[in-house]
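Note: hydrogens, waters and symmetry copies are ignored here, and every other heavy atom, side chains too, is used. On a predicted model such as this, the values are computed, not experimentally measured, just so you know.
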Amino acid sequence: LTFLALAATGLIAGILGALLGIGGGIFLVPALTILFDLPIRVAVGTSLVAVIATSAGVGAVAPRGRGGNISLALRLSLTTTAGAIAGSWLAGHITGSVLSIIFAVAVFGTAAYTLYKTLSQPKTQGEEKLYTANYTPTNWGLGMGLTTVAGMFSGMLGVGGGFMNVPLMYSLMDIPLGVATATSNFMVGITAAASVFVYYSRGDLRPLVIVPTAFGVFIGAMVGVFVLRRLSVAWVRGALIGLLILMGIQMLLKGIQG
Amino acid sequence: MTETTPSILPARLTRRHRDRMGDLMRRASIAFSIPGLTLMVLGFFVSVLAAKTQQIPGDPMLPFDALFPLSADPAFIGLLAMSAGIVILAALPVVRIFLALWLYVKGADWINAATALGGLLELFASSQVGRQ
């Protein structure tokens, strides 16, 4: 029964991860520690493999023209990974509560900017499409700078940077939302791969937990891609903003409680 | 300020190149995830059936130096299969960057090739930083 529950948890994380381009680790780590009483290191190790499974599931079923922008993903991964390395170092020099409050402010800022961008769009443009082949990424300098900051947060907090990369790509760099989520799913796989072998060498990868979770995540990611093709931009954007606000509140409370 | 994606590829090749890249990434995802997951699931069932009780989190993945001598014990075989499956799945992101690098070099897209190479070097560097 525990294994079935792990697979079901993975399934939900996979669907959400694929839909929003965030890998799913942000749901899995708390779920594994709270619901299954697993040590945090085992939960993070499991989540890293699960994020790779999401990335693989999305990559395996994304139809032609609906995949991520590999060139963009590689460029942003460069700055995100650099930020993550710096963040890992910085984590040892900042207290946990200060870190949580900074993180909450960044998340609220990202949500507010995405909301502002949505509301300020002229209505005459017609219905926004999730995917389009004709787009030109803008604000490269600022985008790469801010994804470095997103990577820094991911390094400091041990979470994937997808939850910040998607709104940054969408709102700041004018990447269509569907392309941004697919690109982010490619990127989070790279970020997770950077850490997974470290957890392996530490003995924190436990196959009995990983297998049912990763299997559920993989199936969930494929379902997520299928569902995403049937959703409008408004739904995905609303879910993204809602997730950012929830995360911001959670981190703010954590910071205030110390 | 608006900048476009810098690329030295001729414009008429870009779309074809992108489609080819997407196809290759899809094939790589299938080629690594299906065998990886199959091994993981088979190993999981062997492992669960071999033991009377299974409690999570269970044993860690087999370290490379514990592979030999090989044992016929079902619990060992199960753990070996699960570990091999996880390694195959975890190698996928690195393989995808290698494939992108190969395609960019083939298409003489040096800027993107350098980016992919930088990504690989950073992955290596971050794994070394994490190990310390």
Chain B shares the most heavy-atom pairs under 4.5 Å, among A:Val58, A:Leu38, A:Leu6, with A:Leu38

Bottom line for B:Leu89: the part with an atom under 4.5 Å from chain A's heavy atoms is both

Counting heavy-atom pairs under 4.5 angstrom with chain B, the leader among A:Val51, A:Ile70, A:Val61, A:Val49 is A:Ile70

Applying a strict 4.5 Å limit to non-hydrogen atoms, the region of A:Ala82 in contact with chain B is both

Sequence neighbours excluded, the answer for side chain to side chain contact (heavy atoms under 4.5 Å, CB included) partners of B:Leu99 is B:Leu24, B:Met25, B:Ala28, B:Val95

Of the listed B:Gly85, B:Gly58, B:Gly119, B:Pro57, the one with the largest count of heavy-atom pairs under 4.5 Å with chain A is B:Pro57

Minimal heavy-atom distance between B:Glu122 and A:Ser77, with the atoms involved, is OE1-O, 3.7 Å

Whatever's closer than 4.5 Å to a heavy atom in chain B on A:Val42 counts as side chain

Residue set satisfying side-chain hydrogen bond (donor to acceptor under 3.5 Å, both in side chains) with B:Thr115, at least two apart, ordered chain then number -> none

**Prompt:** Side chains of A:Leu205 and A:Thr46: closer than 4.5 Å at any heavy-atom pair?
**Reply:** no

Per side-chain contact (heavy atoms from CB on, under 4.5 Å), A:Thr80 is matched among A:Val149, A:Asn165, A:Thr148 by A:Asn165

Comparing B:Ile34, B:Leu121, B:Val87, B:Val41 against chain A, the one with the most heavy-atom pairs below 4.5 Å turns out to be B:Val41

Okay, A:Ala73 and chain B: the region with an atom under 4.5 Å from a heavy atom over there is neither

Counting heavy-atom pairs under 4.5 Å with chain B, the top scorer among A:Ile190, A:Thr2, A:Asp37 is A:Ile190

Practice item. Spell out, as yes or no, whether a donor-acceptor pair under 3.5 Å connects the side chain of A:Ser55 to the backbone of A:Asn185. Key: yes

Just checking B:Phe44 against A:Phe215, ring centres under 6.0 Å apart? no

Answer key: most heavy-atom pairs under 4.5 Å with chain A among B:Leu92, B:Ile30, B:Leu37 is B:Leu37

Any side-chain to backbone donor/acceptor pair from A:Thr79 onto A:Thr147? Under 3.5 Å, distance only.
no

Whatever's closer than 4.5 Å to a heavy atom in chain A on B:Ala100 counts as side chain

